[in-house]
2 protein chains.
Amino acid sequence: MFKPITIKDIAQALELSPSTVSRALSDSYEINEETKKRVIEYAEKHNYRRNPMASSLRQGRSYSIGVVVCEVANSFFSQAIDGIESVAYGKGYHVIISQSHDAYEREVVNMQHLANRAVDGLLISMSAETKDFSHIVNLHEQGLPIVFFDRIIDAFETHTVTSNNREGAMKATQSLIDRGFRKIAHLANAPHLSITAERLEGYEDALRQNGLALDESFIRCCHHGGRIQQEVEEAVRYFLSLPERPDAVFVASDRLSMGCLSAYNKLAPKSEHPAVAGFSNSDVLDLLQPNFTCVRQPAFEMGRMAMEMLIQLIESRYPVYDFENVVLQTELMMPHRISG
Amino acid sequence: MFKPITIKDIAQALELSPSTVSRALSDSYEINEETKKRVIEYAEKHNYRRNPMASSLRQGRSYSIGVVVCEVANSFFSQAIDGIESVAYGKGYHVIISQSHDAYEREVVNMQHLANRAVDGLLISMSAETKDFSHIVNLHEQGLPIVFFDRIIDAFETHTVTSNNREGAMKATQSLIDRGFRKIAHLANAPHLSITAERLEGYEDALRQNGLALDESFIRCCHHGGRIQQEVEEAVRYFLSLPERPDAVFVASDRLSMGCLSAYNKLAPKSEHPAVAGFSNSDVLDLLQPNFTCVRQPAFEMGRMAMEMLIQLIESRYPVYDFENVVLQTELMMPHRISG
DNA sequence: TACGCAATCGATACCGGTATCGATTGCGGG
DNA sequence: CCCGCAATCGATACCGGTATCGATTGCGTA
């Protein structure tokens, strides 16, 4: 096994003290330019790499932050992560991604692993299954900076970034109404999520504003957020089984939109497909399904802002008590007009 | 700021030595059961968390491994990551994901950050842009265990996991031939990738075996692997501009398949769309596009195996000189029959 | 009685950087 | 000539665990 060279090796070789080498390598003003050059040259020549653990241990900081999302194979989250990374790299932070797979157990384990000094802060979008927040509250009480995005909770005060889910849902539902549909169903996400309630509200508001009746039987929620395609198919099968079938569906999330369209393709002939509108940040879904209206969230921007807020918390010298709750606007993408 | 309790605090409180506490917490056989219980109880009660940096620094191991892929918003890679995680968590390893975005610079930076004792090993699927492998060779020469999967290189000997790309490509192309198509184009990936050459081979083999002529003008490759939709559209536009248009296209990757279908939807009426077959691990793509034949790779299994091989390298007491190059089989998914 | 050995625990060095405090040198001003 | 101060660098403790070596005790056995 190869033994990497340390700061002490350099010190010995150049007849300097370890502290001088350390300072030279971090470009300290107290070190003579000439000395710096010697150190840096020697370090590069011998392929020196600073040991991040030793550094973190001493400094009490790791310059890395943890991101907890349900899954990365999701346009919304992957775009958000890109936004997070764009800020992080600029400010010298490293991003550690971990997936909860919408499972409570997984979320707890991942956070424990990330927490306690291994990361300087946490960006969290809650898992669908999680009802008990004590693992997060604990970390927060221990002083770990946390920022929520998208799927937030109010167990304690901190910065949050969300999009205007109510309005997005309303716009999508309204677009279906504008296109002449009246029997509009709602395929909802897991019931405990903040976004679920907000989007349901928007859906109901739109119906109400247009004098349409609310029908509980037209609402179906997926407890696993569509990560199990079977539950989506069940919901679609249910809609298809209704004596009075919906002629349109408003879908609450990216994955559910995928699953919903896919399920209809599988379970019913094209002539019987309802119009579908829903939340999605996919680049191609709207193109693949010309009849699909989607609500896009500014995912990249959300990631960017969340990361900036987190860095603010981390680098603040004093405890922060004044928290921001940013709400970003959504964008409605109408169906493409395809010739032929 | 909250000050987490350390092993020394526990030692002092229980009137033990730090080493005893350390051993008690790692369930050493040299510690009396009674003492262990006292220590563990106190630790739990006071919410003790072992500091991973100190631990890693001393042990020279971090029990975490790094994964470098081009992007996570990709069915194939996200499934592979799930496979990796399934093994990792079982063996007590933590997985750090990082994305190269198919950019050379990004790949180098990420690896540097992961490397040098911050991770115990690396699982790599090469970026499309990378032609210079010295950053990886360096790490390897320093003794960092590395396993390649999917997009491999042969700059040095190590374990690798791939799927049978040649055969997969052949099967897909053959399926198009079987369906009666004769003018089959190929939308290829970035030229330097191992998978690109292998899949091109399979495509050409299939044509040859069926007595069809190879036509260079029917092959177009995307240097950014389709991450820039514009380059896919250009290729599609090119195919559409040919005096003799292809009646079918074999597409080399997941993202390219998405992009290709999407581009055709955008650029040509449905009646002029060619049949499309290609590599894809998407759950829904084949359902959304009934006419799409896809080659699935055993992504989860690839991740699983790669991780197991990496752990073997990491935990081997002696240098390993006998390397495995596993090749897994692909599966052809024929178009669904949709009524209506 | 003496010795060997297992069980249990302590003291300490060390992992590799870095914060802290201090030492040395040189020079300008009073 | 002395003092103050800036510039430059060294010695050392320390971050929080843990490997290493040793110490102590008790007990069975030669």
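Every chain is numbered from 1, with letters handed out A, B, ... down the list of sequences.
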Just how far, in rounded Å, is [atom2] of [N] from [atom1] of [X]?
X	N	atom1	atom2	value
M53(B)	dG16(C)	CE	C1'	14 Å
K8(A)	dT18(C)	NZ	C1'	10 Å
I5(A)	dG16(C)	CD1	P	12 Å
D9(A)	dC15(C)	CG	P	10 Å
I31(A)	dA7(D)	CD1	C1'	10 Å
E30(A)	dT25(C)	CD	C1'	16 Å
L57(A)	dT18(C)	CG	P	11 Å
I7(B)	dG10(C)	CD1	P	13 Å

Under 4.0 angstrom between [X] side-chain N/O and [N] OP1 or OP2:
X	N	result
R50(B)	dT18(D)	yes
T35(A)	dT8(D)	no
R23(B)	dG17(D)	no
Q59(B)	dC15(C)	no
N32(A)	dT8(D)	yes
S55(A)	dT18(C)	yes
T20(B)	dC9(C)	no
T6(B)	dG16(D)	no

Check your understanding: If you measure from CG on D9(A) to OH on Y48(A), what distance do you get to the nearest 0.5 Å?
Key -> 9.5 Å
Review point. Measuring from S78(A):OG to E71(A):CD, what's the distance to the nearest 0.5 Å?
Key: 9.5 Å
Practice item. Report the nucleotide, chosen from dT8(D), dT18(C), dG16(D), that has the shortest atom-to-atom distance to any side-chain atom of S22(A). Key: dT18(C)
Point to revise | S17(A) side-chain proximity, nearest of dA13(D), dC15(C), dG10(D) | key: dG10(D)
Is [X] salt-bridged to [Y], going by a charged N under 4.0 Å from an acidic O?
X	Y	answer
E129(B)	R227(B)	no
R38(B)	E41(B)	no
E308(A)	R304(A)	yes

Practice item. Have a look at E34(A) and say if it touches a base, only the backbone sugar-phosphate, or nothing, with a 4.0 Å heavy-atom cut-off. Key: nothing
Study note, to complete from the structure: Contacts of L25(B) and Y29(A) projected onto DNA chain D by closest heavy atom; the upstream (5') one is Y29(A)
Study note, to complete from the structure: Contacts of A54(A) and S19(B) projected onto DNA chain C by closest heavy atom; the upstream (5') one is S19(B)
Review point. Knowing that exactly one of T162(A), T130(A), T160(A), D102(A) qualifies, which makes a side chain to side chain donor-acceptor pair (under 3.5 Å) with R151(A)?
Key: D102(A)
Review point. Is there a Watson-Crick or G-U wobble partner for dA23(D) with both distances under 3.5 Å, and which nucleotide is it?
Key: dT8(C)
